[in-house]
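Because the structure is a prediction, the values reported are computed rather than measured. Scope of the values below: all heavy atoms of this structure, side chains included, with no hydrogens, waters or symmetry mates.
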Amino acid sequence: MLGKLDLSAFIHGPIETVAQLSVVFGVVVVVGLLSYYKAWGWLWREYLTSLDAKKIGIMYIALSFVMLARGAVDAFMMRTQQAIEVGANSGFLSPDHYAQVFTAHGVIMIFFVAMPFMFGLINLIVPLQIGAKDVAYPFLNSMSFWLTVVGAVLINLSLVVGEFAATGWLAYPPLSELQFSPGVGVDYYIWALQIAGVGTLISGINFLVTITTMRLKDMSWMKMPIFVWTVFGAMILVIFAFPILTGTLGLLSLDRIAGFHFFTTDLGGSAMMYVNLIWAWGHPEVYILILPAFGIFSEIVPTFSQKRLFGYTSMVVATLAIVFLSFIVWVHHFFTMGAGADVNAFFGIMTMAIAIPTGVKVFNWLFTMFRGRILFKTPMLWFMGFLTTFVLGGATGVLLAVPGADFQLHNSLFLVAHFHNMIIGGVLFGFFAGFVYWFPKIFGFMLNERLGVYAFWCWIVGFVLAFIPLYILGLMGMTRRLYEVSPQFHPLLVVAGVGAAVIALGMFFQVLQLVVSIWQRKENPAGDNPWNGTHLEWQTSSPPPFDPERSNDGVMVGILAGLFGFAMIWQIWWLAVIGLVGVLAVLIARSFQHHEHS
């Protein structure tokens, strides 16, 4: 009746129980506050069922902030474990729990922090920049958001019921196969990503159509803002890359549920094929995230340099070059697989080649700043932090593009430091900059500048302390994901732990900035164009008008998809049928209704 689900799924060790109770307590507090302030009706009408892209964008960003807190806790746990695990002290995490933590951290930060943050900013700004009232398909936009929420809920539900994968964030076989992961952890991984991935794919199609068909009549392709161009490129990558992820995880699921052997050595399967497929999605995913961040900086640098953007045409060409090249570099993630010198040389050269259009963007930003009257407001500070960290990350990336060097550094902390240089110093700093830059436009009041500066400096100092030691440790030979470490690595791991604490202080200042700014919002009205921006979004009122159209169908699809995902994880087949049939029924019923905009 309940498949694999029984009471043992709720029984955890002491640390896991604390996490379990924290999740339950958080849910109870939120429900209690909403009930106390009688806000359920307002929340349902104004946000949860809204089809307005701006409100959906706000919900995306709220989701990303919640998941950032969860992912950050995982990071602090890992750093603390490695900092105190020395001599006779074995730390506070069991080896299996530690493996679950580093797996969840990677999955959450990529899929449920960076992706929702990106789509949040895209929803808020792209329609405004192209002069559109909304996106092409508002209902699909709502449904995409709720499918992403379902994925995030399933990740957190694994803290309460069952376990999460202990495989690493890409779940390589054979570790993710049933023989080595017989529990439901990998199944949580598969179905959280499958459901959220479908939402991402639908969003990619939605925004590609929106940009292509809904621009103002006199906005030709070469008059679009660079942010819109980078979103356009990212959505092309979404449409081509995410079906690969869906297919790959589908094959892994068949291995686990139906006894297939796509990725096992039995009956001719190949674990290496999984690695090949997952990175054919995975490397374009990096550029799906970084391209919109590049677009954000292309908006911020001219505004705060008080000049026009240098090299508009070359920026567009560089964006399209990155889109093309991002699909022919994925093998650099596994140079060590033994494909041969010819294959490694080709992908090494292509990896170096993709640095060229990226470098074009960096130099264009620098030339934009040249002889400009630069205003070092918080968005510009985030750009300067990005410039420092991203150039370092790019340089180490070119080093890793050399197969001989990669043979020595592959799977070491050097690689971990490089990846975080790109994702935190590139993607997250870019999204923070965009959030601060466009916040007054969306909400109509300014963020507290002083607290924003404090947050920035904590992030940049904490980042250097947290990740520069990992470069050194990687060169010393320390591999990633170690539960127990050699004594010679310990001092630098303590420094990295201090860096994580400083980043936590930066996150505290960001929360405080929001709280203080909301509290003082009447004293700090933004006006329609507080930064003297030049694109269309600054020609509307602050906040811009919201569309009252709403629908319950997106929420219903999300709930039913959640039931389907939970049922597939625990193999409750009757519930899976109900969930899947329910999703189809809602979509079919909606197709018979007339909706002017969606």
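- For the pair Tyr188 and Val161, the tightest heavy-atom approach, listed with the atom from each and the gap, is OH-O, 2.7 Å.
- In this structure, the side chain of Ser142 does not engage the main chain of Pro138 through any donor-acceptor pair within 3.5 Å.
- Between the CZ atom of Phe546 and the CD atom of Glu46 there is a distance of 9.0 Å, given to the nearest 0.5 Å.
- Of all non-hydrogen atoms in Pro544 and Lys441, the two that sit nearest each other are CD-O, 3.1 Å.
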Go through the steps for Trp146 and Ile559 under the test side chain to side chain contact (heavy atoms under 4.5 Å, CB included), then give the verdict. CA-CA 8 Å; Trp146 285 107; Ile559 292 171; over 6 Å; no
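- In this structure, the side chains of Asn156 and Met67 come closer than 4.5 Å at one or more pairs of heavy atoms.
- Using modelled atom types, no side-chain atom of Glu549 and backbone atom of Asp52 make a donor-acceptor pair closer than 3.5 Å.
- Between the side chain of Ser64 and the backbone N or O of Ile61 there is at least one donor-acceptor pair closer than 3.5 Å.
- Taking the ring centroids of Trp382 and Phe463, they lie at or beyond the 6.0 Å cut-off.
- Taking both residues in full, the closest heavy atoms of Leu245 and Gln194 are given as O-OE1, 4.3 Å, listed atom of the first, atom of the second, then distance.
- Remark: side-chain polar atoms of His420 are paired, donor with acceptor, to backbone N or O of Val416 under 3.5 angstrom.
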Atom pairs and distances, donor-acceptor, side-chain atoms in residues 424-440, under 3.5 Å, two or more places apart:
| from | atom 1 | to | atom 2 | distance (Å) |
| --- | --- | --- | --- | --- |
| Tyr437 | OH | Thr303 | OG1 | 2.9 |
| Tyr437 | OH | Trp538 | NE1 | 3.4 |
| Trp438 | NE1 | Glu537 | OE2 | 3.0 |

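- Here OG1 of Thr17 is found 7.0 Å from NE2 of His12. Values are rounded to the nearest 0.5 Å.
- Not a single donor-acceptor pair under 3.5 Å links the side chain of Thr389 to the backbone N or O of Asn421.
- Using the six-membered ring where Trp is involved, Phe294 and Phe390 have ring planes that are perpendicular, over 60° apart on the 30 and 60° scheme.
- Between Arg590 and Ser551, the closest side-chain pair of non-hydrogen atoms falls below 4.5 Å.
- The aromatic ring centroids of Tyr189 and Trp169 lie 6.0 Å or more from each other.
- Between Phe566 and Trp191, the gap from one ring centroid to the other reaches at least 6.0 Å.
- The closest side-chain heavy-atom distance from Val73 to Arg70 is not below 4.5 Å.
- The two residues Phe445 and Ser517 make their nearest non-hydrogen contact at CE1-O, 3.5 Å.
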Leu154/Ile569 under side chain to side chain contact (heavy atoms under 4.5 Å, CB included): CA gap, chis, key distance, verdict: CA-CA 10 Å; Leu154 289 176; Ile569 290 164; 4.1 Å; yes
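- You'll find the side chain of Val66 stays beyond 4.5 Å of the side chain of Phe112, heavy atoms only.
- Phe443 does not carry Arg521 over the face of its six-membered ring by the limits of under 6.0 Å from the centre and within 45° of the normal.
- Side-chain contact between Met115 and Ile288 is present, with at least one heavy-atom pair separated by less than 4.5 Å.
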Applying side chain to side chain contact (heavy atoms under 4.5 Å, CB included), run through Phe207 and Asn123 and close with a yes or a no. CA-CA 9 Å; Phe207 281 101; Asn123 269 282; 3.4 Å; yes
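- Of all heavy-atom pairs between Val238 and Thr200, the closest is CG1-O, 3.5 Å.
- Proximity of a side-chain donor or acceptor of Thr167 to a complementary backbone N or O of Tyr172 within less than 3.5 Å is not detected.
- Trp44 is linked by a ring pair (Phe, Tyr, Trp, His ring centres under 6.0 Å) to nothing, counting only residues two or more places apart in sequence or in another chain.
- With values rounded to the nearest 0.5 angstrom, Leu252 atom CG is found 11.0 Å from Leu193 atom CG.
- With Ser176 contributing its side chain and Ala171 its backbone, the two residues share a donor-acceptor pair below 3.5 Å.
- The aromatic rings of Phe383 and Phe386 sit tilted, their planes meeting at an angle between 30° and 60°.
- Counting heavy-atom neighbours within 6.0 Å of Arg450 CZ, excluding the residue itself, gives a total of 12 or less.
- Two rings, from Phe117 and Phe65, have their centers less than 6.0 Å apart.
- For the pair Gln571 (side chain) and Gly3 (backbone), a donor-acceptor distance under 3.5 Å is absent.
- Side chains of Phe227 and Ile296 form a contact here, defined as non-hydrogen atoms less than 4.5 Å apart.
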Could you go step by step and tell me if Leu470 and Phe419 meet the side chain to side chain contact (heavy atoms under 4.5 Å, CB included) rule? CA-CA 11 Å; Leu470 301 194; Phe419 185 75; over 6 Å; no
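- Atoms CG and OG1, on Leu201 and Thr246 in that order, are 6.5 Å from each other to the nearest 0.5 Å.
- In this structure the side chain of Lys133 reaches within 4.5 angstrom of the side chain of Asp547, judged on heavy atoms.
- For the pair Ser326 and Leu237, the tightest heavy-atom approach, listed with the atom from each and the gap, is OG-CD2, 3.3 Å.
- A distance of 11.0 Å separates CD in Glu449 from CG in Asn524, rounded to the nearest 0.5 Å.
- Summarising the geometry, atom CD belonging to Gln520 is positioned 11.5 Å from atom CG belonging to Leu447; distances are rounded to the nearest 0.5 Å.
- Of the possible donor and acceptor atoms, none in the side chain of Arg45 sits under 3.5 Å from a partner among the backbone N and O of Arg550.
- For His97 (side chain) and Pro95 (main-chain N/O), no donor-acceptor pair under 3.5 Å exists by modelled atom type.
- Using a 4.5 Å heavy-atom cutoff, the side chains of Tyr60 and Ser203 are in contact.
- For the salt bridge (Lys or Arg N to Asp or Glu O under 4.0 Å) test, no residue two or more places apart in sequence or in another chain qualifies with Lys377.
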